[in-house]
Amino acid sequence: MNHEFSIDCGDIVLRLFRAEDLDDFHRITHEPEIARFLPGWNAPSKEMRADWLMNYEIPGNERFLQAVRQGTDIGDLQLRLVMTLKSTGAFIGWVCTGIKDELPAPNREIVYGIASAYGGKGYTTSAAAGLIRYLFERELVDELNALALVSNPGSNSVIAKCGFKLQGDVTIDGEVYHHYKLFRNGELQGTT
């Protein structure tokens, strides 16, 4: 595994998941805001979170980076990165890119979560912008999507600060989300 991969985002550094992240990851995914705004991210048990981490997140990251190294299409591969404080190395959240099946193709999205103690400090915006920059500068994607529950002003703000433009609303599993898009070449004009 390539533990050296990282993206410097100022006060935040993005890095690959490691086995030793289990406790922090499990704890943060059970915080009330994460459970509310990112349904499905909180595994019912620590054992299930460990299984997902070791058999999904970590190997999925390696497949993504292998495709990048080989210059092949990333297709439906996902990249899930830990958000850490540069000053301490503390695990404070994550930022990811993957396919959102509920959206029409091309449906690669950016998604993130942060521990409540670190919200509102600009860290999530820095992390999301860092991942977007990585994807666009390497020309891995031409278009990205982002979703945020209409009732989640913090996430909607992060998305707007990253340059995404509102396209409308979508309903997924009975919940209404604002749907945003961002193009690498900047051609997309938003509806708002």
Side-chain angles (χ1 to χ4, degrees), residues 1-18 21 25 28 37-38 41 57-58 60-100 103 105-115 118-148 152 154-167 177-190 192:
M1 181 64 61
N2 180 5
H3 288 298
E4 291 78 36
F5 176 87
S6 65
I7 300 172
D8 190 322
C9 306
D11 292 336
I12 299 298
V13 174
L14 305 179
R15 65 160 173 81
L16 298 174
F17 274 95
R18 301 173 184 155
D21 295 325
F25 195 26
I28 294 170
F37 294 129
L38 289 174
W41 276 80
E57 278 102 4
I58 292 174
N61 283 344
E62 185 54 35
R63 286 190 296 275
F64 185 100
L65 293 176
Q66 183 177 9
V68 172
R69 285 190 299 269
Q70 294 174 343
T72 58
D73 185 9
I74 59 171
D76 63 355
L77 298 173
Q78 52 89 19
L79 180 63
R80 295 182 174 190
L81 301 173
V82 173
M83 196 186 311
T84 64
L85 283 179
K86 186 185 284 183
S87 60
T88 65
F91 181 130
I92 65 168
W94 58 89
V95 62
C96 313
T97 182
I99 301 300
K100 185 69 171 172
L103 294 176
N107 53 349
R108 178 162 293 279
E109 74 166 338
I110 293 287
V111 65
Y112 41 80
I114 191 166
Y118 297 96
K121 301 179 186 316
Y123 297 149
T124 307
T125 301
S126 294
L131 181 54
I132 292 164
R133 187 172 51 253
Y134 170 80
L135 294 168
F136 282 173
E137 285 178 356
R138 284 160 186 76
E139 299 182 5
L140 299 173
V141 296
D142 291 324
E143 173 181 340
L144 288 169
N145 294 274
L147 295 172
N152 186 347
S155 190
N156 282 284
S157 176
V158 167
I159 293 166
K161 288 176 184 175
C162 287
F164 284 85
K165 302 297 180 196
L166 182 63
Q167 300 305 296
Y177 294 80
H178 289 315
H179 175 216
Y180 300 85
K181 284 191 176 272
L182 181 66
F183 277 63
R184 182 169 55 90
N185 64 11
E187 74 183 21
L188 183 68
Q189 299 300 310
T192 61

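Numbering starts at 1 and runs along the sequence shown.
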message = Applying side chain to side chain contact (heavy atoms under 4.5 Å, CB included) to Asp21 and Trp94, what does each step give before you reach the verdict?
response = CA-CA 11 Å; Asp21 295 325; Trp94 58 89; over 6 Å; no
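- To the nearest 0.5 Å, the span separating OG on Ser126 from CE on Met83 amounts to 9.0 Å.
- Side-chain N or O atoms of Asn61 include none that pairs as donor or acceptor with a backbone N or O of Ile58 at under 3.5 Å.
- Considering CZ of Phe164 and CD of Glu109, their distance stands at 9.5 Å, rounded to 0.5 Å.
- Atom-to-atom distance recorded for Ile74:CD1 and Thr97:OG1 is 6.5 Å, nearest 0.5 angstrom.
- For the atom pair CG (Leu85) and CD1 (Ile92), the distance works out to 4.5 Å, reported to the nearest 0.5 Å.
- The pair Asp11-Lys86 fails the salt-bridge criterion, with no side-chain N (NZ, NE, NH1 or NH2) lying under 4.0 Å from an Asp/Glu carboxylate O.
- Ala128 and Val158 make their closest contact through CB-CG1, 4.4 Å (heavy atoms, listed as atom of the first residue, atom of the second, distance).
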Side chain to side chain contact (heavy atoms under 4.5 Å, CB included) assessment of Ile110 paired with Leu135 = CA-CA 10 Å; Ile110 293 287; Leu135 294 168; 4.0 Å; yes
inquiry  = Go through it in stages, so that I can follow the logic: the residues are Tyr134 and Leu14, the test is side chain to side chain contact (heavy atoms under 4.5 Å, CB included), and I'd like the CA-CA distance, side-chain angles, deciding distance and then a yes or no.
reply    = CA-CA 11 Å; Tyr134 170 80; Leu14 305 179; over 6 Å; no
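- Minimum interatomic distance between Arg80 and Gln78 (heavy atoms only, all atoms of both residues): CG-OE1, 2.9 Å.
- For the residue pair Asn156 and Tyr180, a side-chain donor N or O sits within less than 3.5 Å of a side-chain acceptor on the partner.
- Aromatic rings of Phe5 and Phe64 (six-membered ring for Trp) have centroids beyond the 6.0 Å cut-off, not under it.
- Distance alone, capped at 3.5 Å, is enough to place a donor-acceptor pair between the Asn145 side chain and the Arg108 backbone.
- Counting all heavy atoms, side chain and backbone alike, Cys9 lies closest to Gly130 at SG-CA, 3.7 Å.
- Taking the six-membered ring for Trp and thresholds of 30 and 60 degrees, Tyr123 and Tyr118 have ring planes inclined between 30 and 60 degrees apart.
- Between the side chain of Gln167 and the backbone N or O of Lys165 there is at least one donor-acceptor pair closer than 3.5 Å.
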task = Output, in order, the C-alpha distance, side-chain angles, deciding distance and verdict of side chain to side chain contact (heavy atoms under 4.5 Å, CB included) for Leu81 and Leu16.
result = CA-CA 5 Å; Leu81 301 173; Leu16 298 174; 3.7 Å; yes
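- Across Asn152 and Phe37, no two heavy atoms sit closer than the pair ND2-CG, 3.1 Å.
- Heavy atoms only, all atoms of each residue included: Pro106 and Glu143 are closest at CG-OE1, 3.1 Å.
- Taking the six-membered ring for Trp and thresholds of 30 and 60 degrees, Phe25 and Phe17 have ring planes inclined between 30 and 60 degrees apart.
- Under the 3.5 Å distance criterion, the side-chain polar atoms of Tyr112 are matched with a main-chain donor or acceptor of Ser155.
- To the nearest 0.5 angstrom, Lys181 atom NZ is 7.0 Å from Leu103 atom CG.
- If you take CG on Leu65 and CG on Leu79, they are separated by 5.5 Å, rounding to the nearest 0.5 Å.
- Nearest heavy-atom pair across Arg63 and Leu77 is O-CD1, 3.6 Å.
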